Amino acid sequence: MNTIEQFNEHVMPSYGRFDVVMERGSKRTAYDENGKKYIDFGSGIGTNSLGFCDEKWVEAICRQARTIQHTSNYYYTKIQADLAEKLCGMTGYKKMFFGNSGAEANECAIKLARKYSFDKYGKGRHNIITLTNSFHGRTLCTLSATGQDVFHNYFFPFAEGFIYVETNNIDDLKAKLDDTVCAVMFEYVQGEGGVCPLDKEFVNAIFELCAEKDVLTIADEVQTGVGRTGKFLAGENFGKLADITTLAKGLAGGVPIGVCLAGEKCCDVLTKGTHGSTFGGNPISCAGATAVLDRMGGDFLENVTRKGIYLKGKLLEIDEVEKVDGMGLMLGATLKTKKAADIVAAGLESGLLLLTAKEKLRFLPPLTITIEEIDEGIEKLKEIL
């Protein structure tokens, strides 16, 4: 029995997997069990922010694994305290909650917003506005928060308390932001929705209207955060800092983590017993995240912006590419005649790892990718297209 047969016999078929068994990786290159090489333009859906097995990242992970791998959250660990201090210092937030994923971070944000409103105003002010075309996770609650009908199936009844506003429609936002709403939750760039940045005027309206009504702003930066858009937080591109921001994916460089960051206004809302996570703040994950944050200084983020501009320019040189949306190294290419899913499959044959976002080709390469590696991947993509 080969690996794929063995896997399929024992694992639920909840993913549309390709018939490739990945075995190892180095920098921005992966290798399958047959030794075939792949240039990585997807970074594990934006998770391997430093590429595969970055030396300093591996050293940090291994050093922590040899020290202490886990302790319950009844106790403190130095690595947790250090990471929290560093992350708050880099983002401007006051406090955080540690989880294991983006969905967990968003669940925490939802609970935080509702308790903030309950503590201050009592029952009945619990609704959260989210946007059409959004994506916030796979748990029952975050699926309910997701503003796409395709996800609202099978798992009835879905969680109540979410109101969907048409993305970039200020009038719709004004009409639905009533006295039952405690928060507005949004992605600055809708990733799973097709790599679609919000209009700056719409973002401005969210913050202005929420400030008037003491409604919290929640920025889901699970995919856009940690340098992906050329700023540490995508909100910096809009000149905004939400009351709450969630991070995950690229934060720990490939090991599970999720973080819910809160500002002064709501950072002490979740008190003892109101929320928890067994593995939240796991020392190994914290070590990985610390190694990632240590790389964000100097001209690192400027280089992400530079490489994003370069990649976008190279994509636009291809005849089949109609337009390119996104920021930094988070890009989505609309194709003129071909289906993105077919190109992803063809990319595997050619040794190129790609992603889709709805009808677009999605590009989330490691933040450490070089210009030479971008050129190598683009040449493969040109041949496919």
Side-chain angles (χ1 to χ4, degrees), residues 11-12 14-15 43-50 57-58 60-62 64-65 67-88 90-91 93 95-113 115 135-146 151 155 159 185 187 191-192 218-228 233 244-262 267 269-270 272-293 364:
V11 180
M12 294 182 187
S14 58
Y15 296 96
S43 66
I45 315 183
T47 299
N48 294 338
S49 47
L50 302 181
W57 179 87
V58 169
I61 292 283
C62 291
Q64 186 60 50
T67 306
I68 188 169
Q69 84 277 22
H70 175 76
T71 179
S72 81
N73 283 311
Y74 286 124
Y75 316 112
Y76 296 90
T77 59
K78 175 68 170 163
I79 189 70
Q80 248 191 10
D82 288 344
L83 174 59
E85 181 180 43
K86 184 182 286 287
L87 194 49
C88 282
M90 293 177 69
T91 59
Y93 283 99
K95 294 184 181 179
M96 70 184 63
F97 177 85
F98 285 112
N100 305 290
S101 66
E104 277 194 30
N106 285 337
E107 288 267 354
C108 179
I110 290 165
K111 290 177 70 174
L112 174 55
K115 188 171 185 298
F135 182 84
H136 297 295
R138 295 279 185 176
T139 65
L140 196 55
C141 187
T142 53
L143 272 181
S144 302
T146 293
F151 290 106
F155 311 114
M185 187 176 189
E187 306 152 275
E192 303 303 316
I218 304 173
D220 176 346
E221 294 227 31
V222 168
Q223 191 168 143
T224 60
V226 196
R228 176 56 58 185
L233 296 179
I244 302 167
T245 285
T246 57
L247 299 174
K249 287 191 180 293
L251 178 57
V255 289
I257 197 169
V259 166
C260 178
L261 294 151
C267 66
V269 166
L270 293 179
K272 186 172 73 173
T274 57
H275 199 45
S277 171
T278 296
F279 290 101
N282 174 267
I284 294 174
S285 294
C286 287
T290 300
V292 170
L293 297 189
L364 299 171

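Computed from a predicted structure; not experimentally measured. Below, each value reflects all heavy atoms present in this structure, side chains not excepted, and no hydrogens, waters or symmetry copies.
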Please determine whether side-chain contact (heavy atoms from CB on, under 4.5 Å) holds for the pair L364 and T47, giving the CA-CA distance in whole Å, both sets of side-chain angles, and the decisive distance to 0.1 Å. CA-CA 9 Å; L364 299 171; T47 299; over 6 Å; no
Taking the side chain as every heavy atom from C-beta outward, state whether L251 and V292 have any atom pair closer than 4.5 Å. no
Taking the six-membered ring for Trp, are F279 and F98 ring centroids under 6.0 Å apart? no
Test side-chain contact (heavy atoms from CB on, under 4.5 Å), reference T290, set Q64, K86, Q80, output is K86
State whether the side chain of S49 and the backbone N or O of G250 hold a donor-acceptor pair below 3.5 Å, judged by distance alone. yes
What are the two closest non-hydrogen atoms of C88 and M96, and how far apart are they? SG-CE, 3.7 Å
Are side-chain heavy atoms of R138 and F151 found at a separation under 4.5 Å? yes
Decide yes or no on side-chain contact (heavy atoms from CB on, under 4.5 Å) for H275 and V269, but give the supporting numbers first. CA-CA 10 Å; H275 199 45; V269 166; over 6 Å; no
Can a donor-acceptor pair be found between the side chains of N73 and S277 at a distance below 3.5 Å? no
What heavy-atom pair brings G102 and A248 nearest, and what distance separates the two atoms? N-CB, 3.3 Å
For P283 and Q69, which heavy atoms make the closest approach, and how far apart are they? CD-O, 3.5 Å
Shortest non-hydrogen contact between I110 and A145, atoms and distance: CD1-CB, 4.5 Å
Can you check side chain to side chain donor-acceptor pair (under 3.5 Å) on T224 and E221, steps first, answer last? CA-CA 5 Å; T224 60; E221 294 227 31; 2.9 Å; yes
T278 versus S72: any side-chain heavy-atom pair under 4.5 Å? no
Would you indicate whether the side-chain heavy atoms of L261 and V259 approach each other to under 4.5 Å? yes
4.5 Å side-chain heavy-atom contact, I284 and I68: no
Distance-minimising heavy-atom pair for S285 and P256: OG-O, 2.6 Å
Tightest non-hydrogen contact, residues I244 and A109, listed as CG2-CB, 3.8 Å
So do the side chains of T67 and I79 get within less than 4.5 Å of each other, counting heavy atoms only? no
Qualifying salt bridge (Lys or Arg N to Asp or Glu O under 4.0 Å) pairs with a residue from residues 276-285, counting only residues at least two apart or across chains: none
Below 4.0 angstrom, N of the basic side chain to O of the carboxylate: do K78 and D82 qualify? yes
E187: side-chain hydrogen bond (donor to acceptor under 3.5 Å, both in side chains) partners, not counting sequence neighbours: none
Contacts of type side-chain contact (heavy atoms from CB on, under 4.5 Å), residue N106, not counting sequence neighbours: H136, T142, M185, D220, V222, T246
Any side-chain heavy-atom pair of T139 and S101 under 4.5 Å: no
S43 versus R228: any side-chain heavy-atom pair under 4.5 Å? yes
